[in-house]
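Lettering of chains follows the sequences in order, A, B, ..., and the numbering in each one begins at 1.
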There are 4 protein chains.
Amino acid sequence: MKRDKPKFKQIIDAAVIVIAENGYHQAQVSKIAKQAGVADGTIYLYFKNKEDILISLFQEKMGYFIEKIEEEIEGISSPSEKLFLLIQKHFQMLAAEPHLAIVTQLELRQSNKSLRLKINEILKGYLKVVDRIVQEGIDKGEFRSDLDVRLTRQMIFGTIDEMVTTWVMNEQKYDLVALARPVHQLLTKGCCV
Amino acid sequence: MKRDKPKFKQIIDAAVIVIAENGYHQAQVSKIAKQAGVADGTIYLYFKNKEDILISLFQEKMGYFIEKIEEEIEGISSPSEKLFLLIQKHFQMLAAEPHLAIVTQLELRQSNKSLRLKINEILKGYLKVVDRIVQEGIDKGEFRSDLDVRLTRQMIFGTIDEMVTTWVMNEQKYDLVALARPVHQLLTKGCCV
Amino acid sequence: MKRDKPKFKQIIDAAVIVIAENGYHQAQVSKIAKQAGVADGTIYLYFKNKEDILISLFQEKMGYFIEKIEEEIEGISSPSEKLFLLIQKHFQMLAAEPHLAIVTQLELRQSNKSLRLKINEILKGYLKVVDRIVQEGIDKGEFRSDLDVRLTRQMIFGTIDEMVTTWVMNEQKYDLVALARPVHQLLTKGCCV
Amino acid sequence: MKRDKPKFKQIIDAAVIVIAENGYHQAQVSKIAKQAGVADGTIYLYFKNKEDILISLFQEKMGYFIEKIEEEIEGISSPSEKLFLLIQKHFQMLAAEPHLAIVTQLELRQSNKSLRLKINEILKGYLKVVDRIVQEGIDKGEFRSDLDVRLTRQMIFGTIDEMVTTWVMNEQKYDLVALARPVHQLLTKGCCV
DNA sequence: AATGAATGAGTATTCATTCAT
DNA sequence: AATGAATGAATACTCATTCAT
């Protein structure tokens with residue numbers, strides 16, 4: 001399996017760095033190869049084409065992301081607390097990988113429609129986790145019973161995403177993780193008194 | 001002033017159509033010129049370069065957007081009601097211009113970082129309107145006094161934006177405007193009981 | 001009509017020279033553009049792609065070829081004499097354009113199958129002229145009545161083509177046109193006494 | 001001697017199949033290796049480079065070809081009959097190996113000039129056989145005494161070659177061997193009455 | 001002898017922008 | 001003001017060959 005070979009990860013990590021530092025459109029295959037310490041042609045022993053590097057990058061990172069978040073909320077009984085931990089872990093992981101944050105929040109969004117559709121497909125795994133928390137919140141009586149799960153998930157995801165993007169655009173100069181608590185409070189209690 | 005000449009708007013409207021129908025990366029200057037019924041070179045009598053078309057497009061549309069929203073909330077005393085009207089008007093205007101919705105929610109996001117920074121600059125006008133509503137809500141006691149205005153605005157904008165994007169990605173096949181009330185409720189009351 | 005513009009012919013003539021002097025595989029578009037005195041991009045205002053240059057080259061030259069040969073044999077009553085004039089004109093025209101001879105006999109044959117099929121299509125016009133001469137020869141009683149037109153045409157074309165190719169491979173160092181008469185004699189009388 | 005080892009022939013046979021089925025330009029070394037059931041690198045233990053595979057292929061097949069033809073005409077006294085047998089055997093052998101016919105008549109002609117020059121070198125053995133028949137025909141009085149041996153050989157070879165190529169291009173769908181007699185008649189008697 | 005992972009040179013084509021008319 | 005022909009920079013990918021095992 002190619003995914004398990006060291007060069008696979010080596011090339012993906014190189015892609016994250018090159019894209020974060022040069023921008024999506026200046027991330028030529030030859031630059032990624034050089035950063036990974038392999039020849040240009042070697043890239044094509046592990047990836048079908050350039051787009052495949054980016055999809056694999058997103059898959060690998062997002063897979064790890066979901067895994068970690070599920071570990072985090074496992075065994076927690078309160079859905080509201082689960083939501084808080086999801087937000088916190090999300091912020092923590094991106095704060096810990098500044099390059100990756102730039103790539104996912106800014107650079108990968110300039111990709112073409114076909115790539116974005118594939119990315120959306122991968123994102124669905126994450127959205128399902130949120131859906132499950134919301135549904136559980138309703139079932140356990142912590143969340144309002146008249147909630148529309150889909151809309152609620154969109155609010156949660158849209159809010160988290162906007163927070164991270166704003167933080168990245170502000171050059172990550174404030175403490176993102178510290179926002180987890182107030183963001184959780186906003187989402188659960190709303191802005192009204 | 002170039003902005004007042006008929007060809008200025010003519011080219012911008014052509015750009016919206018061409019981008020919506022062909023996608024950002026397939027929206028060549030020559031296609032826009034053809035759609036506008038002018039020669040390629042004529043574009044450059046009205047716009048500095050291609051990026052300038054897109055920025056102007058966003059400015060024109062967003063300026064009109066803010067104007068309409070301010071008309072809508074003018075004279076309303078309740079900040080919460082103002083927030084509702086803002087959401088509703090936002091949804092109404094994009095639902096009324098499907099091409100524009102595709103361009104602002106999907107296509108223009110594929111632009112490079114420099115263009116996106118300029119777009120963010122233009123967006124600030126909109127965000128200020130939201131900020132004012134939130135601040136007024138706090139002052140009038142309708143919103144919680146411990147709200148962070150900036151974070152609250154990010155939640156509101158992130159949520160609205162996510163709703164519209166999801167609706168566009170689903171090919172605008174459900175009634176976006178009907179979501180205004182439940183979205184307002186989610187934002188003001190949160191998801192908790 | 002693009003074919004009538006001066007740059008169309010200019011680029012085709014450049015292609016003949018570049019291919020003859022550098023070989024098919026070393027005839028890059030940029031080299032052809034340089035030889036033609038235009039920018040690389042200009043090529044694509046007149047030709048769909050590189051293959052289109054080569055097809056057009058063959059069409060233009062072969063069209064001229066057939067035209068000249070038909071002029072030559074027009075008004076001649078003896079089919080055998082027509083055959084002689086066809087051979088002579090064929091040899092004369094290629095002897096007069098050494099570059100073109102190299103291109104048609106050696107270089108263009110290395111093209112891929114798709115291009116060769118298109119070239120064969122164009123060749124059919126020439127083969128029809130030969131067919132007509134053979135048929136007329138049979139009808140007028142100059143040629144044997146039991147001839148298979150198709151086979152006879154293949155002998156004639158195969159022989160002429162082999163003569164030219166051998167001459168080109170021998171660096172055109174002997175007088176090709178002088179062979180017209182003996183070749184005609186061989187084709188009409190065969191090798192037997 | 002490498003030529004006697006089983007893998008040498010194994011690789012050449014694989015090359016014939018791969019080239020016939022995929023075309024010259026799609027016949028990568030790795031495909032030939034796979035068809036031969038050896039590793040890519042193994043090819044280079046038996047052949048200097050890719051060109052060497054093709055030259056060896058031609059040498060092997062052409063050597064066998066000449067051998068068979070010489071066996072066929074051996075002991076025949078009439079040069080004209082010898083010519084007939086040469087044509088017939090030539091047609092028979094290619095009709096018996098459809099893959100080889102495609103390779104020699106179509107695919108190998110797409111090779112570059114250097115390879116084609118080497119192929120011509122190998123062909124000389126075949127041409128010498130023809131030369132000998134023609135000379136003998138003149139000496140024995142069966143052929144006209146004013147024949148130019150070189151030109152006559154070019155007619156014979158050009159005609160045979162064109163017949164086979166046309167047959168291959170027509171997907172070998174008619175009986176090539178049946179043409180041996182009429183072709184021989186054409187070559188010996190010409191087209192005139 | 002045999003393997004197969006790694007190498008890296010080489011090129012057609014697009015499209016924003018210009019400028020002579 | 002308007003035109004549109006001409007420009008030219010920039011980049012992903014293939015595949016013959018090598019060499020450590």
Side-chain angles (χ1 to χ4, degrees), chain A residues 2 5-8 10-11 25-34 36-54, chain B residues 2 5-7 11 25-34 36-54, chain C residues 2 5-8 10-11 25-34 36-54, chain D residues 2 5-7 11 25-34 36-54:
Chain A
K2 301 240 167 195
K5 299 205 178 165
K7 281 193 181 156
F8 182 85
Q10 196 173 320
I11 291 166
H25 289 293
Q26 280 307 303
Q28 295 89 346
V29 172
S30 61
K31 244 181 219 164
I32 296 173
K34 198 171 181 188
V38 300
D40 292 18
T42 305
I43 299 267
Y44 293 88
L45 297 175
Y46 295 90
F47 300 91
K48 223 169 59 246
N49 49 36
K50 188 177 175 181
E51 183 173 303
D52 191 31
I53 306 176
L54 305 175
Chain B
K2 302 242 164 185
K5 302 213 175 159
K7 280 191 183 160
I11 292 166
H25 290 293
Q26 280 307 304
Q28 294 88 349
V29 171
S30 61
K31 244 182 218 163
I32 296 173
K34 199 173 179 187
V38 300
D40 293 17
T42 306
I43 298 268
Y44 292 86
L45 299 175
Y46 294 89
F47 299 91
K48 218 167 67 243
N49 49 35
K50 188 178 178 181
E51 185 174 300
D52 190 30
I53 306 176
L54 305 174
Chain C
K2 302 242 161 184
K5 299 203 178 166
K7 281 192 182 158
F8 182 85
Q10 197 174 323
I11 291 166
H25 289 293
Q26 279 307 303
Q28 294 88 345
V29 172
S30 60
K31 244 181 218 165
I32 296 173
K34 199 173 179 186
V38 300
D40 293 17
T42 306
I43 300 266
Y44 293 88
L45 296 176
Y46 295 90
F47 300 91
K48 221 168 61 247
N49 49 37
K50 187 177 177 180
E51 183 174 303
D52 191 31
I53 306 176
L54 305 174
Chain D
K2 302 242 168 191
K5 303 216 174 157
K7 281 194 180 157
I11 291 166
H25 290 293
Q26 281 306 304
Q28 293 87 350
V29 172
S30 60
K31 245 181 218 163
I32 296 173
K34 199 173 180 186
V38 300
D40 294 17
T42 306
I43 298 267
Y44 291 87
L45 298 175
Y46 295 89
F47 300 90
K48 219 168 65 243
N49 50 35
K50 187 178 177 180
E51 185 174 300
D52 190 30
I53 306 177
L54 305 174

What integer distance in Å separates C/I11:CD1 from F/dA5:C1'?
-> 12 Å

Rounded off to whole Å, could you give me the NZ-to-C1' distance for the C/K34 and E/dA12 pair?
-> 18 Å

Roughly, in whole Å, what's the span from CD1 in D/I53 to C1' in F/dA16?
-> 10 Å

Between the NZ atom in C/K50 and the CD1 atom in C/I32, the distance rounded to the nearest 0.5 Å is 6.0 Å

Could you state the OH-P distance from C/Y44 to F/dA9, rounded to the nearest angstrom?
-> 16 Å

Looking at residues at least two apart in the chain, or sitting in another chain, which of them share a side-chain contact (heavy atoms from CB on, under 4.5 Å) with A/D52?
-> A/F47, A/K48, A/N49, A/S56

Here the distance between atom P of E/dT13 and atom NZ of C/K31, to the nearest Å, is 16 Å

C/K34 (side chain) donor-acceptor with C/A39 (main chain) under 3.5 angstrom = no

Can you check the B/I32 CD1 to E/dT17 C1' distance for me, whole Å?
-> 14 Å

To the nearest 0.5 Å, how far apart are OH in C/Y44 and CG in C/D40?
-> 8.0 Å

Could you tell me whether the phosphate oxygens of E/dA6, OP1 or OP2, come under 4.0 Å of any side-chain nitrogen or oxygen in A/Y46?
-> yes

NZ of B/K5 to CD1 of B/I11: how many Å apart, nearest 0.5 Å?
-> 11.5 Å

Take the protein atom NZ of C/K5 and the nucleotide atom C1' of F/dG4, then report the distance between them rounded to whole Å.
-> 10 Å

Applying side chain to side chain donor-acceptor pair (under 3.5 Å), name anything that partners A/K31, two or more places apart in sequence or on another chain.
-> A/Q28

Anything under 3.5 Å between a protein N or O and an N or O of nucleotides 7-11 of chain E, put it in a table, one pair a line.
| from | atom 1 | to | atom 2 | distance (Å) |
| --- | --- | --- | --- | --- |
| E/dT7 | OP2 | A/A39 | N | 3.0 |
| E/dT7 | OP2 | A/T42 | OG1 | 2.3 |
| E/dG8 | N7 | A/G41 | N | 3.1 |
| E/dT11 | OP1 | C/Q28 | NE2 | 2.5 |

Pairing of DNA chain F as dot-bracket, 5' to 3': ( ) intra-strand, [ ] crossing, | other strand, . unpaired, with Watson-Crick or G-U pairs under 3.5 Å?
-> .||||||||||||||||||||

Mapping B/E51 and C/N49 to their closest nucleotides on DNA chain E, which lands nearer the 5' end?
-> C/N49

To the nearest angstrom, how far is A/D52 atom CG from F/dT14 atom P?
-> 12 Å

Sequence neighbours excluded, the answer for side-chain contact (heavy atoms from CB on, under 4.5 Å) partners of C/K7 is C/Q10, C/V38, C/T42, C/Y46

